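Below is one structure, written out as structure tokens; the observations come after it.
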Amino acid sequence: MLPIDDLIRADRDHVWHPFTQQRSWCEELPLVIDHADGTNLYDADGSAYIDGVSSLWCNVHGHRHPAIDQAIRDQLDRVAHSTMLGLTHEPAIELARRLAEITPPGLTRVFYSDSGSAAVEVALKMAYQWWVQRAESQRTGFISLQNAYHGDTLGAVSVGGIETFHSLYRPLLFDTWQARAGDAGHLEQLLVEHGDRVAAVIVEPLIQGAAGMLTMPSGFLARTRELCDEHGVLLICDEVATGFGRTGAMFACEREDVSPDLMCVGKGLTGGYLPLAATLTTEPIYEGFLGRPEELRTFFHGHTFTGNPLACAAGIATLQTFERERTVERSLPKIELLTRLLDERVAPLPGVAEVRQCGLMVGIELHPGDALGNRVTLAARGRGAIIRPLGDVIVLMPAPAMPAADIDRLVAITAASIDEATAGGAGAASVSRGAPLSGAAPLSGAPALSSAAV
Ligand code: PLP
């Protein structure tokens, strides 16, 4: 490995980080992750950090899980990549078969892609094309929810509703009708007014993650399904964040007995190891695309790394590990523990306005303050935990496999960090492993303030 100072210099010279103001980034000292083990990440000095957000909501069984590592190594000895255009391979077939088995009833067909955003694009295009091929080409519209986040590609941004991320791009986007999140009456009103021009309703089931972990009222998802049926409109459930054990069930849809017409999965599909996503759909939708080649009913969509064999092998091992380790079942007492710890240690803090939780997905809304979310994140890093802010909301998303003792420690660090950052303004966010940097950009020393926007 290069000396740490050289690495950081090269990062500043060449790497453009996502959702990050690069000017601030280059003024601060980045944390360089060197390796990981279980649900801990380690920096170049060997300091350990609890991975409190599952490496952006995707790690499930812990890092360097022996079964997933082995599956990828074994697949490497066969083939790392082969296209799904005109060819097929065992890992993609086997993973699709297993996904059809474990997802809500009726979802039998699996279309692979390589990111959650792409899985959403696929769902939107599939829904639209399906209607066109049923001679209903007036159905060009989608109903999405206010505050929705479905990814960063332009179709996904079109059905997004987060001003900070999305408003700039409006001139490039297609129009949608936005229902008030959690308000079934408003959704119904939009369907009554525009239903015959709507291809699909798209929702994040149970909880809107990137909006700041906004939980939906109980029954809203089931009512959304009913309304879609009443108005003859397709339902797309975006389980990219909620899928694979995050909400106390394998998929959030299960919690309200909902089977969508299209379901998007990503992130945890490979245990958070490799980029792989999928859009699942039903036989009627699949059959709507069948025909002679010259009829052009083909779904003309596909990415180079669609169904990559290494990623599919990681996916199969991930699903086998869910079964073998009874991961979802064993996460339930940890979810209860998390609820209790948040109630006892976080909710009563003066800086905390609200704590929202759905399974292992947690949003801690702070009373607004100057870059407060970032300061809490920094303080937590100094205490040995990686957490992330979404504005003034602190997100915790421990992996379903995180040991109870680490969940306890994660909440303790979060509570202490909120206390520290909210107690005395900006200066209060000093950290135990050194102070944040201001102005100058030295190349080594303490972890520093995150410049990321979210
Ligand atoms: N959909 C939801 C609900 C998400 O939370 C995300 C990412 O956080 C996405 C889609 C986009 O996934 P990706 O970042 O893999 O493109």
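Numbering of ligands and ligand atoms starts at 1, following listing order. Quantities reported herein were computed from a predicted structural model and do not represent experimental measurements. Hydrogens, waters and symmetry mates play no part in the numbers below; they use all other heavy atoms, side chains included.
- F251 has its ring centre less than 6.0 Å from the ring centre of F244.
- Among D51, D37, N40, the one residue that satisfies the side chain to side chain donor-acceptor pair (under 3.5 Å) test with H63 is D51.
- In terms of protein heavy-atom proximity, atom 12 (O) of ligand 1 is closest to G116 CA, 3.3 Å.
- When hydrogens are left out, the protein atom nearest atom 9 (C) of ligand 1 is V240 CG1, 3.7 Å; that is the closest non-hydrogen contact.
- Of the N or O atoms in D238, one or more lie within a sub-3.5 Å distance of an N or O in ligand 1.
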Using ring pair (Phe, Tyr, Trp, His ring centres under 6.0 Å), reason through Y128 and F142 one step at a time and then give a plain yes or no.
CA-CA 9 Å; Y128 167 72; F142 290 87; 7.7 Å; no

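- For ligand 1, the atoms closer than 4.0 angstrom to any heavy atom of S115 are 15 (O), 16 (O).
- At under 3.5 Å, not a single nitrogen or oxygen of V120, backbone or side chain, sits near a nitrogen or oxygen of ligand 1.
- Taking the six-membered ring for Trp and the full ring otherwise, the centers of F299 and F111 sit less than 6.0 Å from each other.
- Scanning both residues, I50 and L410, for their nearest heavy atoms gives CD1-N, 3.8 Å.
- Checking T414 against R345 by side-chain atom types alone, no donor-acceptor pair falls below 3.5 Å.
- Set against the non-hydrogen atoms of A241, the atoms of ligand 1 under 4.0 Å away are 5 (O).
- Of all protein heavy atoms, the one closest to atom 16 (O) of ligand 1 is S117 OG, 2.6 Å.
- Closest protein heavy atom to atom 6 (C) of ligand 1: Y149 CE2, 3.5 Å.
- Proximity of W57 to ligand 1, defined as any heavy-atom pair under 4.0 Å, is confined to the side chain (atoms from C-beta onward).
- Under 4.0 angstrom from ligand 1, the non-hydrogen atoms of E204 all belong to its side chain.
- Among protein heavy atoms, the minimum distance from atom 7 (C) of ligand 1 is reached at K267 CE, 3.3 Å.
- Counting heavy-atom neighbours within 6.0 Å of R23 CZ, excluding the residue itself, gives a total of 12 or less.
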